Number of protein chains: 2
Amino acid sequence: MLKLSKKADYGLMALQYIASVQYGDVARARIVNTKEIAEEYHIPLELLAKVLQTLAKQGIVESQNGPKGGYLLARHAKHITIAQVLEAIEGPLGIADCYHDKDSSACLQREHCNIRTPLLKVQSSIYQLLNSMTVEDMMGGTPLITVQSITTAEGVAR
Amino acid sequence: MLKLSKKADYGLMALQYIASVQYGDVARARIVNTKEIAEEYHIPLELLAKVLQTLAKQGIVESQNGPKGGYLLARHAKHITIAQVLEAIEGPLGIADCYHDKDSSACLQREHCNIRTPLLKVQSSIYQLLNSMTVEDMMGGTPLITVQSITTAEGVAR
DNA sequence: CTGATCGCCGATCAAAAAGGTCGCACTCAC
DNA sequence: GTGAGTGCGACCTTTTTGATCGGCGATCAG
């Protein structure tokens with residue numbers, strides 16, 4: 001339940017990797033290609049390629065063709081949120097369809113729907129949470145995170 | 001993305017309905033059967049039945065067979081959290097498999113996984129959010145729901 | 001110019017999950 | 001005891017996801 005898809009996982013891993021190569025060591029900053037990432041994380045090459053293409057099309061990363069080509073972050077890691085990445089890969093995120101559907105005919109339960117309001121609150125909180133965390137946060141020097149950090153997260157949503 | 005399944009939706013709606021029949025008007029408290037709920041919300045009867053069966057097996061509701069049979073909440077609505085319901089219907093909730101997998105062999109990326117820690121934090125936050133909201137919270141006196149009620153909804157959980 | 005190396009795009013296929021349906025088994029009212 | 005009204009469990013169909021293949025265009029080194 002609420003599980004991320006493989007594509008989303010791969011996308012996040014790739015972005016984290018690209019970011020750390022780009023920012024990690026100033027002297028060795030370089031462009032990174034799909035094959036390198038795929039081998040590093042044992043991800044099927046073609047699938048990762050497709051994910052990166054999608055991210056490129058959505059303006060999250062920039063691609064460079066030819067030999068010595070590869071990918072770069074389109075903007076600073078600090079300004080790429082998890083929510084943006086997930087939406088780029090898997091479309092608009094919402095706990096239920098009825099919060100962004102164009103045709104209202106979709107939901108037969110809508111007229112008497114009793115869970116719409118409470119769920120909307122949940123959705124907002126999750127979205128806010130995902131939107132408050134960036135790619136930069138993923139690479140930061142936070143090696144270990146304990147259960148107690150929930151408190152921190154709670155503060156975020158309010 | 002992060003969308004709830006139909007079964008989860010149906011389950012939550014049904015619980016809300018059962019709860020309001022059970023607690024709403026003390027004089028008219030009664031047992032409620034699957035058919036009634038299915039018709040009220042235009043849900044496929046058999047599917048809703050299966051969801052309720054699952055909830056019964058997980059101890060969220062109690063079933064009563066025979067004519068005049070139906071379902072009752074197994075405990076007070078105040079003590080049934082959204083997280084419990086979702087987990088009962090769709091299995092353990094986790095943003096990625098690797099947080100509750102028995103066999104560590106599943107995740108090939110695990111050794112070099114760089115997004116594990118940050119995602120764990122996200123997951124904890126979401127879990128806590130879902131676990132802090134109960135069925136009782138869902139039945140509160142919000143009869144009609146407009147788009148503007150987002151503000152109201154936000155207030156509900158506090 | 002030419003070849004090697006890359007990203008780009010579309011089509012295809014298999015596996016898994018979700019959604020929905022069917023017949024059987026139990027229970028209670030009469 | 002009987003049958004209508006239940007819950008119950010196995011089953012099938014559709015959709016989504018994950019993964020793979022083949023060909024194309026761009027770019028750079030030599």
Side-chain angles (χ1 to χ4, degrees), chain A residues 1-11 13-14 18 30-39 41-72 74 86 89-93 96-97 106-109, chain B residues 1-11 13-14 18 30-39 41-72 74 86 88-94 96-97 106-109:
Chain A
M1 188 64 236
L2 288 183
K3 204 176 55 182
L4 255 52
S5 69
K6 294 281 173 95
K7 283 198 280 188
D9 278 343
Y10 297 161
M13 284 188 230
I18 295 174
R30 59 186 169 82
I31 201 169
V32 42
N33 66 23
T34 309
K35 191 179 174 189
E36 180 181 342
I37 306 177
E39 283 175 355
Y41 296 112
H42 306 100
I43 299 173
L45 177 62
E46 299 85 357
L47 188 52
L48 176 62
K50 199 160 28 175
V51 171
L52 286 173
Q53 286 161 27
T54 306
L55 288 176
K57 211 181 297 179
Q58 301 288 332
I60 308 282
V61 297
E62 277 175 5
S63 68
Q64 190 169 315
N65 252 339
K68 298 284 179 182
Y71 291 95
L72 285 169
L86 295 184
I89 295 178
E90 309 215 24
L93 53 82
D97 294 317
C107 180
L108 296 175
Q109 292 81 33
Chain B
M1 189 65 234
L2 287 184
K3 202 176 55 181
L4 255 51
S5 69
K6 294 279 173 87
K7 283 197 281 188
D9 279 343
Y10 296 161
M13 285 189 228
I18 294 174
R30 59 185 169 82
I31 202 169
V32 42
N33 65 25
T34 309
K35 192 178 173 190
E36 179 181 342
I37 306 177
E39 284 174 356
Y41 297 112
H42 306 100
I43 299 173
L45 176 62
E46 298 85 358
L47 187 52
L48 176 62
K50 192 156 54 170
V51 171
L52 287 173
Q53 288 159 26
T54 306
L55 290 176
K57 209 182 299 179
Q58 302 287 331
I60 308 282
V61 297
E62 278 174 4
S63 69
Q64 190 168 319
N65 246 342
K68 297 284 180 181
Y71 291 95
L72 285 170
L86 296 184
I89 296 178
E90 309 215 23
L93 53 83
D97 294 318
C107 181
L108 295 175
Q109 292 80 34

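On a predicted model such as this, the values are computed, not experimentally measured, just so you know.
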Set of side-chain hydrogen bond (donor to acceptor under 3.5 Å, both in side chains) partners for Ser5(B), sequence neighbours left out: Glu90(B)
For residues 55-63 of chain A, dump all side-chain donor-acceptor pairs below 3.5 Å to protein atoms at least two apart in sequence or in another chain.
none

side-chain contact (heavy atoms from CB on, under 4.5 Å) involving Leu72(B) - partner list, sequence neighbours excluded: Gln22(B), Ile31(B)
Minimum side-chain heavy-atom gap Ile43(B)-Asp9(B) below 4.5 Å: no
Who pairs with Lys35(B) by side-chain contact (heavy atoms from CB on, under 4.5 Å), at least two apart in sequence or on another chain? Asn33(B), Glu39(B), Leu45(B)
Would you indicate which nucleotide in dC9(C), dC8(D), dT6(D) comes nearest to any side-chain atom of Asn33(B)? dT6(D)
Nucleotide by nucleotide, 5' to 3', does protein get under 4.0 Å of the base (B), only the sugar-phosphate (S), or neither (-) in nucleotides 17-30 of chain D, counting heavy atoms? -SBBB---BBBB--
Is the closest side-chain heavy-atom distance between Tyr71(B) and Gln53(B) below 4.5 Å? yes
From CG of Leu48(B) across to P of dT6(D) the rounded distance in Å is 13 Å
Could you state the interatomic distance from CG (Leu93(B)) to NZ (Lys3(A)), rounded to the nearest 0.5 Å? 12.0 Å
What is the separation between atom CG on Leu52(A) and atom P on dC8(C), rounded to the nearest whole Å? 9 Å
Please tabulate, one pair per line, each protein N/O and nucleotide N/O from nucleotides 13-16 of chain C that are separated by under 3.5 Å, including the distance.
none

Gap between atom OH of Tyr41(B) and atom CG of Leu48(B) - 0.5 Å precision: 10.5 Å
Rounded distance (Å) that lies between atom C1' of dG7(D) and atom CD of Glu62(B): 14 Å
What is the distance from CD of Glu36(B) to P of dG7(D), rounded to the nearest Å? 11 Å
Atom CD of Glu39(A) and atom C1' of dC6(C): how far apart are they, to the nearest Å? 14 Å
N/O (side chain, Thr34(A)) to phosphate O (OP1/OP2, dG7(C)) under 4.0 Å: yes
Glu36(A): what forms a side-chain hydrogen bond (donor to acceptor under 3.5 Å, both in side chains) with it, not counting sequence neighbours? Tyr17(A), Arg30(A)
Rounded to the Å, how far apart are Gln53(B) CD and dC24(C) P? 17 Å
